[in-house]
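Note that ligands are numbered from 1 as they come in the structure, with each ligand's atoms numbered from 1 the same way.
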Amino acid sequence: MPKIALNQIFDEEDILPERLPERIQRPVRIKRSHSAFVDTFLQHNSHETLGSEEEFTPTYTGSRHERKWIMGYLTPFYESGYISDVLFRVKGGKEANVYCCKAHPSTGLERIAAKIYRPRMFRNLRNDARYRQGRTYLDAYGKEVRDSGAMHAIAKGTRIGKEMQHASWLQHEVQTLELLSGLGADVPRPLACGENTILMEYLGDEQTAAPSLQEVRLPQKEARGLFERVMENIRIMLHAHRVHGDLSAYNVLYWEGQIAIIDFPQAVDPRGNREAYPIFERDVERICQYFESYGLRVNPTAQARRLWDAYRGAVELPHEREAEDILMRRQPED
Ligand SMILES: Nc1ncnc2c1ncn2[C@@H]1O[C@H](COP(=O)(O)OP(=O)(O)O)[C@@H](O)[C@H]1O
Ligand SMILES: [Mg+2]
């Protein structure tokens, strides 16, 4: 991956310091959690009373620009008692920065990962129409946008419309993580989100975050088991009507023999997206390619087809029915 200079990551235009305070909404708790931990946490804690009275003075702040980001986007989570410190930056990239934070003791966790999106990142997504096809738009609270004025702003690409698109991508990531973690898939559990930020379970320890599969050489004896585990996760996702859409060894973390699949904003739902199969097949291919270097020879096309056929046996995809209807109508009458 190309190295990006810090001043490219945190440019002034992204930060908009004078607008930050009102742009930051209060953190939203993940409400419809399937997670026993989050539910218990919510029942027993009122976040308003948990936050520290003391000023937020994180250990890690980075450069002057990055400091503004951290203070701007993470202070609300400090004040409402999710995190008590920012320990280090796990990764900074073109799309998001992820930080390792010390969790507030009331969360019962030791550390929390905070993913802060670059404000303009979703506008840079290449080919994003392919992933948006058939999607509902979600507002900053994760509710479906139905208002015709809002839909018009989105279609027109006005400034507000772009902000709404941005919120929608982020909410899609949150909801996908929520759905899949509830089903027992190997994904980090989401805890809370804000306008530009998702807090989720962190993989790693106090010094090092979990590397991606791309960054490790797996012990040979673990390779087959992990390959099967990733494929099983792909199957669980598909039966939950989700195709990752950017799955590769870069988006699978590895920690102490366990994996976690991350990075879901572009995930697609095959029930609404006609391109879901080619997107799915590419995900499977990339995973198979990675495991080939461990001597695992599988036919990615056959693997993808097998999983897809099992899924298709269980659901009816409306757009495929439409296509069949059109074909039927074209048949010459006897
Ligand atoms: N829950 C997590 N725990 C530990 N590290 C994480 C976590 N989520 C993301 N990361 C790290 O941050 C990087 C970027 O996160 P990702 O969701 O893939 O965003 P991007 O869109 O920038 O690729 C990942 O490659 C990984 O190194
Ligand atoms: Mg990624």
Provide the number and element of each atom of ligand 1 under 4.0 Å from a heavy atom of [X].
X: M200; value: 1 (N)
X: V98; value: 6 (C), 9 (C), 10 (N), 12 (O), 14 (C), 15 (O)
X: N251; value: 18 (O)
X: A96; value: 22 (O)

- State yes or no: do Y73 and F56 share one hydrophobic cluster built from I, L, V, M, F, W and Y residues joined by side-chain heavy-atom distances below 4.5 Å, directly or via other members? yes
- Query: Would you say L203 has any N or O atom under 3.5 Å from an N or O of ligand 1, going by distance alone?
  - Reply: yes
- Message: Just by distance, no angles: are the side chains of N196 and H166 close enough, under 3.5 Å, to form a donor-acceptor pair?
- Response: yes
- Task: Using a cut-off of strictly less than 2.8 Å, determine whether N251 has an N/O/S atom near the Mg ion (ligand 2).
- Result: yes
- Item | E95 backbone or side-chain N/O/S under 2.8 Å from the Mg ion (ligand 2) | no
- Task: Tell me which one of I198, I262, I116 gets a heavy atom nearest to atom 8 (N) of ligand 1.
- Result: I262
- Message: How close do R242 and T176 get, counting heavy atoms only, and between which atoms?
- Response: NE-OG1, 3.7 Å
- D139 with K143: basic N within carboxylate O range, under 4.0 Å: no
- Do you know which of L183, L307, V243, L180 makes side-chain contact (heavy atoms from CB on, under 4.5 Å) with M237? L180
- Query: Can you tell me if CZ on R217 sees more than 12 non-hydrogen neighbours from other groups inside 6.0 Å?
  - Reply: yes
- Message: Is it the case that atom CD in E232 sees more than 12 heavy atoms from other parts of the structure closer than 6.0 Å?
- Response: yes
- Item | Side chain, backbone, both or neither: the part of D263 lying under 4.0 Å from ligand 1 by heavy atom | both
- How does K115 reach ligand 1, by side chain, by backbone, by both or by neither, if only non-hydrogen atoms under 4.0 Å count? side chain
- Message: As a test of reading the structure, name the N/O/S atom of D263 that is nearest the Mg ion (ligand 2).
- Response: OD2
- Query: Do R235 and Y311 meet the cation-pi criteria used here (NZ or CZ under 6.0 Å from the six-membered ring centre, within 45° of the axis)?
  - Reply: no
